[in-house]
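See structure below.
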Amino acid sequence: MDTGDDPSDLDAIYGLLSDPYRRYVLYYFLENERATIDRLALQLAAWEHDKAVESVSEDEKETITVALRHNHLPQLEDHGIVTVNQRSGDIVAETGFDGIRATAERAREVEGPDSIVGNATESFLYSDPVAETTSDDR
């Protein structure tokens, strides 16, 4: 995904970042190149419910698995961010992820590790504006 001067690219990027589950998938791929749907659902459930992965119930994981399979992963795949093998459940970050990596990193930075857990409906899009960096700041 190119993040050049085309405003539709920004619309697509922020559209993908607007949902907590999709943001959490992107955060996961900041640290990992591949995943399985089960592993990803387990991690997202842990973040959402503010608990250890080992404490996530099967129902909590299944709820997220369904949302990932039928909504969020297809959207990320349509934008070239990930590839999903539906038979094996394997998910691999694609070259399109590189185009939104910096924005995903900034979103994670703004949300912070504490806000990744708990209320999954909060969005970094409604946080304080990003301060512009000047050459004096470097």
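What you see below is based on every heavy atom in this structure, not just the backbone, and it leaves out hydrogens, waters and symmetry mates.
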Taking everything shown except E33 itself, do over 12 heavy atoms lie less than 6.0 Å from its CD? no

Joint cluster assignment, [X] & [Y], ILVMFWY side-chain distance < 4.5 Å:
X: F97; Y: L10; value: yes
X: L30; Y: I81; value: yes
X: V92; Y: L73; value: no
X: V82; Y: Y14; value: yes
X: L26; Y: L42; value: no

How many angstroms lie between atom [atom1] of [X] and atom [atom2] of [Y], to the nearest 0.5 angstrom?
X: I37; Y: I64; atom1: CD1; atom2: CD1; result: 13.0 Å
X: T103; Y: I13; atom1: OG1; atom2: CD1; result: 5.0 Å
X: R39; Y: L44; atom1: CZ; atom2: CG; result: 10.0 Å
X: N71; Y: D19; atom1: CG; atom2: CG; result: 7.0 Å

Can you give me the closest heavy-atom contact between [X] and [Y], atom names plus distance?
X: F29; Y: A35; value: CZ-CB, 4.0 Å
X: E94; Y: T83; value: OE2-OG1, 2.7 Å
X: A52; Y: A46; value: C-CB, 4.1 Å
X: R23; Y: L17; value: NH1-O, 2.7 Å
X: Q75; Y: H79; value: O-ND1, 3.0 Å
X: S88; Y: N85; value: N-OD1, 3.0 Å

Judged by atom type as modelled, is there a donor-acceptor pair below 3.5 Å linking the side chain of [X] to the main-chain atoms of [Y]?
X: E60; Y: S57; result: yes
X: T63; Y: D59; result: yes
X: N32; Y: Y28; result: yes
X: E77; Y: V84; result: yes
X: R22; Y: H72; result: no

Test: E105 and R108 ion pair at under 4.0 Å: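 Not counted as a salt bridge, because no side-chain N and carboxylate O are separated by less than 4.0 Å.
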
So, Y24 versus E48: side-chain donor-acceptor pair below 3.5 Å or not? no

Do you see a donor-acceptor pair shorter than 3.5 Å between the side chains of T36 and D38?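 Absent: no donor and acceptor within the cut-off.
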
